[in-house]
**Q** 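Pasting a structure below so you can have a look.
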Amino acid sequence: MSDSTNTKKEIPAQYDPSQVEDKWYQYWMDNNYFHSTPDEREPFTVVIPPPNVTGVLHMGHMLNNTIQDVLVRKARMQGYNACWVPGTDHASIATEAKVVRKLREKGVTKKDLTRDEFMEHAWEWTHEHGGIILEQLKKLGASCDWDRTTFTMDEKYSESVIDTFIDLFNKGKIYRGARMINWDPAAKTALSDEEVIHKEVNSKLYHVRYKIVDSDEYVTIATTRPETILGDTAVCINPDDERYTHLHGKKAIVPLVNREIPIILDDYVDMEFGTGCLKVTPAHDLNDYDLGQRHNLETINMMNADGTVSEEGELYIGMDRFDVRKQISKDLDEAGNLVEVEDYKNKVGYSERTDAVIEPRLSLQWWVAMKELSEPALENVMNDNIQFHPEKFKNTYRHWMENVRDWCISRQLWWGHRIPAYYYGEGDDDFVVAKTLKEAVKAAKEKSGNKKLTAGDLKQEEDVLDTWFSSWLWPISVFDGFYKKDEVDYYYPTNDLVTAPEIMFFWVARMIIAGYEYRGELPFKNVYYTGIVRDKQGRKMSKSLGNSPDPLELISQYGADGIRMGMLFATPAGNDLPFDSKLCEQGSKFSNKIWNAFRFLSMNMEEDVEYNPTTEIDSENLVDRWMMSRIHQTIKEVEEDFQNYKLNDALKKVYSLIWDDFCDWYIELAKPANYGDKFDNERLNVALGMFEQLMKLLHPFMPFISEEIWQHIDERSSEEALCISDWPEFDDSKINTEDVTLFESMQGMISALRNIRSEMGVSPKKDIEVLIKTSNAQKIEENEWILRKLQVLKSLFIATDLKKPKACASALVGNDEIYVQMFDLVDVDKEIERIQKEIQRVEGFLKGVNGKLNNSNFVDNAPEAVVQNERNKKRDGEANLEKLKEQLKDFQ
RNA sequence: GCGUCCUUAGCUCAGUUGGUUAGAGCGUUGCAUUGACAUUGCAGAGGUCACUAGUUCGAAUCUAGUAGGACGCACCA
């Protein structure tokens with residue numbers, strides 16, 4: 001980049017991400033840094049959890065993709081062949097709903113269109129809206145391999161979905177069967193159990209009495225759904241219930257419709273609940289269905305697909321179920337059958353997508369038999385072949401897996417992968433499954449024995465597959481892994497999957513199942529579950545609540561780096577993230593801090609001089625050795641945090657290294673002795689070398705500003721971008737613990753002096769006379785320039801032993817004593833107060849220590865090292881107490 | 001109902017196998033400030049680690065129970 005030779009005048013005092021972020025993203029793209037092809041390096045693969053193709057970026061995506069980008073960028077710098085595959089899924093229900101709504105606005109209903117015509121509209125919609133979300137991810141800095149962008153309805157991908165269906169069908173793992181399913185009357189489709197959300201609601205329990213045939217007696221049942229009375233085909237009582245013994249074998253009359261139904265006996269009925277009398281509606285309740293099966297009851301399907309009452313219901317035909325509920329309550333009351341209406345709390349199933357109340361409905365659907373398929377998926381999570389982060393989600397996963405039920409995969413929709421089944425007759429079994437119509441004809445001829453069948457006699461299944469039936473192949477199919485081996489063998493298994501715990505069953509579990517079924521191994525090694533992004537009140541951020549900030553708005557306000565920081569700061573793995581834009585502000589302030597740190601160094605750079613940033617430090621300089629030690633300590637700690645997926649801890653350490661260690665101490669101490677003096681070049685080269693290391697550590701978290709600074713520090717070719725540079729290698733020999741300890745004690749001394757000034761009201765500019773009594777006098781003396789640089793001193797006297805001056809303020813730093821001559825400045829009362837406070841603290845401390853040491857149980861039982869540690873504490877504490885008391889004496 | 005997890009400073013969270021008088025960031029209070037940065041610097045205040053009982057020489061940490069909260073699963077109409 002040509003503008004990397006800035007001098008002082010060209011660098012603004014405030015960092016402006018909008019000037020920087022798009023520029024570098026474009027540069028990375030132009031240089032193809034994110035593109036991966038198999039080579040001799042070890043791969044690091046991440047597949048994106050595909051967002052809905054017509055969706056827009058929300059805060060959950062921001063969090064999720066920031067985390068993925070951090071992992072991928074770090075891996076790329078570490079020399080892995082990093083490959084992050086982006087893409088979208090077709091979101092059958094959601095997308096179809098949107099298309100239907102759009103058509104309705106134009107006055108067209110789905111019924112007016114043929115399947116092909118509808119699909120054209122759906123594709124149009126997809127092309128119009130699809131990919132918006134991916135463009136938004138670029139704003140966030142996501143380093144995806146965009147050449148690999150995949151859509152679950154791509155031709156090759158679709159083929160793999162269909163082939164998988166056929167394969168599982170042929171293996172007997174997919175079957176067609178009539179079952180009680182979850183019906184979404186809004187989307188007019190069946191749903192899997194996972195797509196139903198049970199919510200507790202305030203409803204009513206209607207007590208309704210049914211007349212007994214040939215008797216004046218009534219039985220009273222209780223129901224929350226009185227409209228289903230229309231479908232009642234029995235009343236059930238517990239055979240042991242003595243209250244109803246006399247009704248055995250009798251019949252009851254359904255109110256309003258006046259249908260005679262049997263009174264059946266089944267110990268399923270809880271005698272304690274309600275009246276102990278249950279109405280049975282086999283077509284509209286799972287348990288009733290089972291009862292119906294056991295007792296050979298008639299089933300009356302009294303509800304249409306859209307939730308209105310059907311012809312079979314006899315009354316209220318065409319009315320919506322909830323209107324019927326109100327009306328039938330009135331009518332029952334008028335007819336004298338409504339005994340009581342009671343307030344009642346129960347749980348009702350809602351559609352995850354449309355939020356419509358689910359109706360249990362008997363219907364013929366396609367199913368995946370899950371029991372056997374899921375065995376390896378359970379085992380390999382429990383034994384940690386696949387690791388969950390945080391681990392606690394293993395419990396949830398196990399519970400689901402151990403109780404896994406068959407998966408309803410057919411959806412009564414058009415947008416999606418059409419089930420490759422072809423019917424040649426009216427019987428439930430008169431179908432074949434085949435990839436093409438031609439093959440279907442052949443198969444149908446064989447199965448039916450009818451050699452005269454032609455394509456015209458076959459009718460393909462109208463239903464499509466559950467979207468998750470395609471997404472579960474994602475880690476394989478994005479590499480075209482069902483048809484070609486070169487890429488999938490290289491990239492699969494992928495490394496990390498970053499996703500929300502909400503879709504553990506929908507997607508994660510099923511990908512694992514598919515992985516073992518089709519690759520014979522795990523689809524990913526680690527699953528990082530993110531938290532849910534919540535607002536300050538703890539509510540989940542959602543479009544419907546309108547409590548979610550617009551991510552792009554936030555990016556333009558704080559910069560992508562700022563948002564990434566804000567999100568990461570608040571998110572330990574698996575914990576919810578109470579989002580506060582304050583955190584983003586903190587992120588953007590950090591950007592500005594970094595910017596100004598560089599700006600300061602750059603102001604000391606001269607235009608015509610060539611600088612060579614170096615990690616070869618001045619071995620004579622304690623501050624250099626300390627800073628280098630800190631960098632390497634941090635490299636080590638950050639690596640450990642990454643191993644444990646504690647990204648926020650890693651980030652905090654890098655943050656503190658840059659802000660606290662580098663800006664507040666290193667740069668301050670690197671400044672030339674006098675204002676206005678320029679850095680000498682060596683100093684500057686070392687500082688820039690340090691800065692480079694810091695930018696490397698920062699890059700995964702804040703890719704934009706780190707690249708910007710990196711490119712400012714030196715002129716770089718396209719092979720030298722930070723994005724593709726080497727991750728700093730940990731070098732234990734760069735850590736000098738002695739130096740760190742020494743420097744920290746000097747930091748402590750400076751802090752103590754600042755503290756004394758602050759409490760005594762002495763200006764930082766006032767030169768003071770300082771005496772330091774320390775066992776480490778020689779080392780401190782050698783480095784006394786550090787003290788002089790950060791404190792304005794009139795005099796400084798350092799010795800292993802010295803006579804404490806009268807009238808002074810004092811402080812203890814470890815075992816070292818610091819005295820500040822105060823003369824006329826001294827506020828005796830304040831200093832006495834200070835010392836007394838300190839004495840109190842030490843005495844309290846010693847009390848605890850002595851309590852332990854005087855306890856023979858402790859001394860006898862605790863490990864020697866622990867006891868010794870207490871003895872040391874006692875020794876140091878008593879010595880300090882002695883010193884403090886002497887100091888106090890001087891004032892009395 | 002069953003299961004899992006959580007409760008630490010005003011807020012959001014750290015706290016490794018029990019062993020410094022419990023830490024960080026934000027917020028708050030005070031002070032400072034002409035040249036890297038007020039998007040700043042320095043310093044201070046702030047906690048009965050939800051509660052109770054145990055185990056232990058020693059508990060934020062282990063055990064049991066209580067209260068409150070979150071999530072998952074299954075539901076009785």
Side-chain angles (χ1 to χ4, degrees), chain A residues 8 11 13-15 193 198 205-206 221-225 228 236 268-270 272-281 285-288 344 346-347 390 392-400 402-403 501-502 504-505 532 536 538 569-572 574-578 580 582-583 585-586 588-604 640 644 646 648-649 652 655-656 663-664 667-668 671 675-676 750-751 754-759 761 763-765 841-842 844-849 851-852 855-863 865-867 869-870 872-873 877:
Chain A
K8 168 178 184 173
I11 293 194
Q14 277 172 27
Y15 176 65
D193 295 331
H198 292 276
L205 193 58
Y206 299 83
I221 57 87
T223 180
T224 52
R225 296 190 297 159
T228 61
C236 187
Y268 162 75
V269 176
D270 182 354
E272 305 297 314
F273 189 89
T275 58
C277 218
L278 174 70
K279 71 183 212 54
V280 184
T281 324
D285 182 279
L286 183 56
N287 295 305
D288 289 10
Y344 188 69
N346 67 337
K347 283 199 175 169
K392 64 178 178 184
F393 286 114
K394 277 167 78 175
N395 290 321
T396 311
Y397 180 85
R398 183 186 62 216
H399 190 260
W400 186 80
E402 284 176 348
N403 299 287
E502 303 162 0
M504 187 190 300
F505 311 133
I532 294 165
K536 277 187 191 164
F569 256 135
T571 178
N575 279 19
D576 285 358
L577 186 156
D580 187 343
K582 270 247 153 82
L583 292 168
E585 196 186 321
Q586 204 185 334
S588 68
K589 283 181 182 175
F590 185 42
S591 297
N592 198 57
K593 184 72 184 177
I594 295 166
W595 179 253
N596 274 287
F598 174 72
R599 178 167 173 255
F600 175 66
L601 295 182
S602 76
M603 286 166 77
N604 286 279
E640 284 164 6
N644 296 316
K646 292 185 164 183
N648 66 330
D649 287 347
K652 281 174 185 169
Y655 179 87
S656 169
C663 294
D664 288 349
I667 292 187
E668 286 306 318
K671 282 181 179 172
Y675 283 123
I750 290 162
S751 270
R754 284 170 176 163
N755 186 301
I756 287 171
R757 284 180 192 270
S758 174
E759 290 199 15
S763 157
K765 284 178 174 169
R841 194 188 65 83
V842 177
F845 173 72
L846 279 172
K847 201 176 157 198
V849 175
K852 283 187 189 174
N855 181 341
S856 61
N857 280 327
F858 171 74
V859 180
D860 296 344
N861 292 321
V866 173
V867 177
N869 191 31
E870 293 301 311
N872 293 344
K873 276 154 61 179

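Computed from a prediction, not measured in an experiment: that's the story for all the values here. Here is the naming used below: chain letters follow the sequence lines, and residue numbers restart at 1 for every chain.
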**Q** Working to the nearest 0.5 angstrom, can you tell me the gap between A:Leu205 CG and A:Asn346 CG?
**A**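 If I round to the nearest 0.5 Å, the distance is 8.5 Å.
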**Q** Sticking with atom P, work out how far B:C11 lies from B:A50, rounded to a whole angstrom.
**A** 14 Å
**Q** Can you measure A:Lys765 atom NZ to B:C42 atom P for me and round it to whole angstrom units?
**A** 17 Å
**Q** Between B:C26 and B:G68, how far apart are the two C1' atoms, rounded to whole Å?
**A**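 26 Å, rounded to whole Å.
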**Q** Give A:Val269 one of three labels, base, sugar-phosphate or nothing, depending on what nucleic acid heavy atoms sit under 4.0 Å from its own.
**A** base
**Q** Scan A:Gly844 against the nucleic acid and name what it touches under 4.0 Å (heavy atoms): base, sugar-phosphate only, or nothing.
**A**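 Since a base atom lies under 4.0 Å of A:Gly844, the category is base.
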**Q** B:C37, B:G19, B:C13: which one has an atom nearest the side-chain heavy atoms of A:Asn596?
**A** B:C37
**Q** Whole Å only: how far is the CG atom of A:Asn872 from the P atom of B:U20?
**A**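 Whole-Å distance recorded here is 14 Å.
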**Q** Within the 4.0 Å heavy-atom criterion, would you say A:Glu272 contacts the bases, only the backbone, or no part of the nucleic acid?
**A** nothing
**Q** So which nucleotide does B:U17 pair with, by the Watson-Crick or G-U wobble rule with both distances under 3.5 Å?
**A** none
**Q** Just to be sure I understand the rule, does A:Asn755 reach a base, reach only the sugar-phosphate, or reach nothing, if contact means heavy atoms closer than 4.0 Å?
**A**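 The residue A:Asn755 makes sugar-phosphate contact but no base contact.
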**Q** For the pair A:Asn861 (side chain) and A:Asn857 (backbone), establish whether a donor and an acceptor sit closer than 3.5 Å, ignoring hydrogens and angles.
**A** yes
**Q** Who passes ring-ring contact (aromatic ring centres under 6.0 Å, His included) against A:Tyr655, sequence neighbours left out?
**A** A:Phe569, A:Phe590, A:Trp659
**Q** A:Ala570 and A:Pro578: which non-hydrogen atoms are nearest, and at how many Å?
**A**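 Taking every non-hydrogen atom into account, O-CD, 4.4 Å.
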**Q** Can you tell which of B:A36, B:C57, B:G15 lies closest to the side chain of A:Ala862?
**A**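 So the side chain of A:Ala862 is nearest to B:C57.
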**Q** What does A:Cys277 touch in the nucleic acid at a heavy-atom separation under 4.0 angstrom: a base, only the sugar-phosphate, or nothing?
**A**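 Counting heavy atoms under 4.0 Å across all strands, no contact is made by A:Cys277.
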**Q** Once each nucleotide of nucleotides 1-6 of chain B is scored for protein heavy atoms under 4.0 Å, what B/S/- sequence comes out, 5' to 3'?
**A** ---SS-
**Q** Between B:A14, B:U12, B:G25, which nucleotide gets closest to the side-chain atoms of A:Gln586?
**A** B:G25
**Q** Answer with base, sugar-phosphate or nothing: what part of the nucleic acid does A:Phe590 contact at a heavy-atom distance below 4.0 Å?
**A**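 Touches nothing.
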**Q** Using the C1' atoms only, state how far B:U63 lies from B:A70, rounded to an integer number of Å.
**A**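 That atom pair is separated by 24 Å.
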**Q** I want to verify a distance call: between B:A77, B:G19, B:A36, whose nearest atom is closest to the A:Tyr344 side chain?
**A** B:A77
**Q** Suppose we define a pair by two distances each less than 3.5 Å, Watson-Crick or G-U wobble; what does B:U66 pair with here?
**A**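 Pairing partner: B:A50.
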**Q** Could you tell me whether the phosphate oxygens of B:G35, OP1 or OP2, come under 4.0 Å of any side-chain nitrogen or oxygen in A:Lys671?
**A**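 No, because none of the side-chain N or O atoms of A:Lys671 sits under 4.0 Å from OP1 or OP2 of B:G35.
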**Q** With nearest nucleotide decided by heavy atoms, which residue, A:Ala570 or A:Leu601, maps closer to the 5′ end of RNA chain B?
**A** A:Ala570
**Q** Describe the nucleic acid contact of A:Lys873 in one word from base, sugar-phosphate, nothing, applying a heavy-atom distance below 4.0 Å.
**A** sugar-phosphate
**Q** Taking the side chain of A:Pro863 as heavy atoms from C-beta outward, which of B:G19, B:C13, B:A36 is closest to it?
**A**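 The answer is B:G19, which lies nearest to the side chain.
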**Q** How far does the P atom of B:A64 sit from the matching atom of B:C5, given to the nearest Å?
**A** 11 Å
**Q** Send over the distance from A:Glu759 CD to B:A43 P, rounded to a whole Å.
**A**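 Rounded to the whole Å, the gap is 12 Å.
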**Q** Test A:Lys582 against A:Glu585 for salt bridge (charged side-chain N to carboxylate O under 4.0 Å, His left out), laying out the working first.
**A** CA-CA 5 Å; A:Lys582 270 247 153 82; A:Glu585 196 186 321; 5.5 Å; no
**Q** If we take the P atom in both B:U4 and B:C13, what is their distance in whole Å?
**A** 23 Å
**Q** Map A:Asn857 and A:Glu668 onto RNA chain B by nearest heavy atom, then report which one ends up closer to the 5' terminus.
**A** A:Glu668
**Q** At under 4.0 Å, does any side-chain N or O of A:Ser751 touch on OP1 or OP2 of B:C42?
**A**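 For B:C42, OP1/OP2 do not have a side-chain N/O of A:Ser751 under 4.0 Å.
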**Q** Taking only N and O in the side chain of A:Tyr268, is any of them less than 4.0 Å away from OP1 or OP2 of B:A77?
**A**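 Indeed not, no polar side-chain atom of A:Tyr268 lies that close.
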**Q** Round to the nearest Å and state the distance from A:Glu585 atom CD to B:U39 atom C1'.
**A** 8 Å
**Q** Students often get this wrong, so: under 4.0 angstrom with heavy atoms, is A:Asp860 touching a base, only sugar-phosphate, or nothing?
**A**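 No contact.
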**Q** Between B:U52 and B:U16, how many Å separate the two P atoms, rounded to a whole number?
**A** 23 Å
**Q** Rounded to whole Å, please give me the gap between CZ in A:Phe845 and P in B:A22.
**A**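 My rounded result for the distance is 11 Å.
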**Q** Under 4.0 angstrom, heavy atoms only, what part of the nucleic acid is A:Tyr206 near: base, sugar-phosphate, or nothing?
**A** nothing
**Q** Could you report the tightest heavy-atom contact between A:Val849 and A:Lys873, atom names first, then the distance?
**A**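 Answer, listing the atom of A:Val849 first, then A:Lys873: CG2-CE, 3.8 Å.
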**Q** Which heavy atom of A:Trp595 sits nearest to which heavy atom of A:Ile11, and what is that distance?
**A**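 Nearest heavy atoms, A:Trp595 then A:Ile11: CZ2-CG2, 3.6 Å.
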**Q** As a test of reading the structure: which of B:A32, B:C57, B:C42 is closest to the side chain of A:Pro764, going by heavy atoms?
**A** B:A32
**Q** Only pairs with both distances under 3.5 Å count, Watson-Crick or wobble alike; so what is the partner of B:G72 in this structure?
**A**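 B:G72 is paired, partner B:C2.
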**Q** Between B:C13, B:U40, B:C75, which nucleotide gets closest to the side-chain atoms of A:Pro578?
**A** B:C13
**Q** How close do A:Gly877 and A:Val842 get, heavy atom to heavy atom, and via which atoms?
**A**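 For A:Gly877 versus A:Val842, the nearest heavy atoms are O-CG1, 3.4 Å.
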**Q** How many Å lie between CG on A:Asp664 and C1' on B:A43, as a whole number?
**A**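 For the pair A:Asp664 CG and B:A43 C1', the rounded distance is 14 Å.
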**Q** What closest approach, in Å, do A:Thr228 and A:Thr223 show between heavy atoms, and which atom pair accounts for it?
**A** OG1-OG1, 4.5 Å
**Q** For B:C42, give the paired nucleotide (Watson-Crick: N1-N3 plus N6-O4 or O6-N4; G-U: N1-O2 and O6-N3; both under 3.5 Å), or none.
**A**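 With both distances under 3.5 Å, B:C42 matches B:G30.
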**Q** Please give, in whole Å, the distance from B:C31 C1' to A:Arg757 CZ?
**A** 13 Å
**Q** Go through B:U40, B:A36, B:A77 for me and flag the one nearest to the A:Thr223 side chain.
**A** B:A77
**Q** Quick one: which of B:A36, B:A43, B:C57 gets closest to the side chain of A:Arg599?
**A**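 Nearest to the side chain of A:Arg599 among the choices is B:A36.
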**Q** Taking donor-acceptor contacts at under 3.5 Å, does the side chain of A:Lys582 reach the base of B:C26?
**A** no
**Q** Scan A:Thr224 against the nucleic acid and name what it touches under 4.0 Å (heavy atoms): base, sugar-phosphate only, or nothing.
**A** sugar-phosphate
**Q** Scan A:Val842 against the nucleic acid and name what it touches under 4.0 Å (heavy atoms): base, sugar-phosphate only, or nothing.
**A** base
**Q** Can you measure A:Asp576 atom CG to B:A70 atom P for me and round it to whole angstrom units?
**A**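 Atom-to-atom, A:Asp576 to B:A70, this comes out as 11 Å.
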**Q** Please list, chain by chain and in numerical order, all residues satisfying side chain to side chain donor-acceptor pair (under 3.5 Å) with A:Asp664, sequence neighbours excluded.
**A**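 Here no residue qualifies.
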**Q** Taking B:G41 as the reference, what is the distance to B:U56 when you measure between their C1' atoms (whole Å, please)?
**A** 48 Å
**Q** Which whole number of Å gives the distance between the C1' atom of B:A22 and that of B:G58?
**A**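 The same atom, C1', in both gives a distance of 16 Å.
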**Q** Which atom pair, heavy atoms only, marks the closest approach of A:Val269 to A:Cys236?
**A** CG2-SG, 3.5 Å
